Amino acid sequence: MSSKSKSSEGSNKVKALESAWKRALVANAEWPDKEEFLDVIYWMRQAMGIFLGLFWGLLPMKGFLGLLLFVLVNAAVIYFYVNNFQNIDEEEYGGIWEITKEGFMTSFAGFLVTWIIVYTGLHIADNL
Amino acid sequence: MWSDSLLIVFISICTAFLGEGLTWILVYRTEKYQKLKVEVERQSKKLEKRKEAHGDSLDKQHKKKIEREEERLKNNNRDLSLVKMKSMFAIGFAFTALLSMFNSIFDGRVVAKLPFYPISWIQGLSHRNLPGDDYTDCSFIFLYILCTMSIRQNIQKLLGFAPSRAASKQGGALFGAPPAQFK
């Protein structure tokens with residue numbers, strides 16, 4: 001498992017630095033550096049947190065359902081991305097749980113802040 | 001109400017930068033910290049690789065080597081936390097003072113409306129110092145904590161001050177059993 005990319009490690013590293021974000025959008029891309037892939041997952045999560053917060057606030061989504069849906073959508077998108085889009089062997093990263101929890105709390109906090117603020121601004125305007 | 005919540009986001013962005021700036025002055029830029037950080041990261045990665053390669057083998061020699069490296073890493077990690085500790089205390093005090101100031105400014109003010117009904121053990125925080133029984137009212141402290149949670153960590157990561165995953169994973173072993181996948 002770990003000896004897969006030994007021969008081309010040097011050249012891969014240079015390429016990796018250049019195009020981590022491009023590769024994030026390419027299906028079945030190669031990820032010689034685990035940290036890099038986890039960083040992509042981390043920032044994807046943050047963006048998703050803000051986006052979903054914005055969306056939930058605009059709708060407006062209310063109640064426990066909003067929280068539950070966020071957790072489900074967040075986990076499902078990452079799971080789908082890792083397993084079906086990038087086809088990553090999750091065991092290399094210490095199991096799917098390690099990937100699922102990568103940056104989760106931060107993205108959850110970001111989601112809550114956006115949701116609360118957009119909701120307050122758009123739908124509670126009469127309380128200003 | 002909305003201007004209050006936006007102000008809180010702004011405050012937490014400022015305090016996050018201030019905190020990181022202070023930590024940079026007191027810790028990150030010191031030679032001792034940088035040396036230790038590089039060392040810990042290098043050792044963590046090395047150890048992780050070694051564990052991956054020989055984790056399941058029962059070879060005593062490998063096990064001993066791994067144990068010795070773990071011990072060295074632990075010592076370095078401890079030194080690193082000690083370097084951080086002093087300034088963390090100073091910053092902690094400064095921020096507690098700042099927080100209590102903001103707390104008194106926003107005392108009794110509803111800064112936002114929660115789109116959900118918070119569970120009971122959150123209510124103490126989300127409804128702190130607020131009048132009335134409407135638990136969807138949000139207090140300053142709750143929004144501030146949420147903002148800090150998301151903003152500070154992201155800023156740390158953007159500026160490259162967050163500890164690397166390998167280091168924090170190995171550092172975690174300091175406080176308990178090593179992660180299951182290495183057993």
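First the proteins, then the strands, lettered A, B, ... as listed; each starts at 1. Keep in mind that the numbers below use all heavy atoms, side chains included, and drop hydrogens, waters and symmetry copies. Owing to the predicted nature of the structure, the values given are computational and were not obtained by experimental measurement.
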Please classify the contact of B/D4 with chain A as side chain, backbone, both or neither, using a heavy-atom distance under 4.5 Å.
neither
If I measure from the heavy atoms of chain A, does B/V9 come under 4.5 Å with its side chain, its backbone, both, or neither?
side chain
Cluster overlap [X] with [Y], hydrophobic side-chain contacts below 4.5 Å:
X     : Y      : result
A/Y81 : A/M48  : yes
B/M85 : B/V40  : no
B/F10 : B/I145 : no
A/I50 : A/W56  : no
B/F93 : B/I25  : no

Of B/Q153, B/Q156, B/R152, which meets side chain to side chain donor-acceptor pair (under 3.5 Å) against A/T106?
B/Q153
Can you tell which of A/V118, A/I116, A/I117 makes a side chain to side chain contact (heavy atoms under 4.5 Å, CB included) with B/S5?
A/I117
Report the residue from A/L65, A/L67, A/L68 that forms a side chain to side chain contact (heavy atoms under 4.5 Å, CB included) with B/F116.
A/L67
Which atoms of [X] approach chain B - backbone, side chain, both or neither, heavy atom under 4.5 Å:
X      : value
A/W43  : side chain
A/M105 : both
A/F108 : neither

[atom1]/[X]: more than 12 non-hydrogen atoms of other groups inside 6.0 Å:
X     : atom1 : result
A/F51 : CZ    : no
A/F55 : CZ    : no
B/K32 : NZ    : no

Quick one: which of B/L146, B/N154, B/L143 has the most heavy-atom pairs under 4.5 Å with chain A, could you say?
B/N154
Which heavy atom of B/M149 sits nearest to which heavy atom of A/A109, and what is that distance?
CB-CB, 3.7 Å
Kindly give the heavy-atom pair with the smallest separation between A/T120 and B/A112, and that separation in Å.
OG1-CB, 3.5 Å
Value for NZ (A/K62) from CG (B/L114), rounded to nearest 0.5 Å, stands at 12.0 Å
Within 45° cone of A/Y119 ring axis and under 6.0 Å: B/K113 NZ or CZ
no
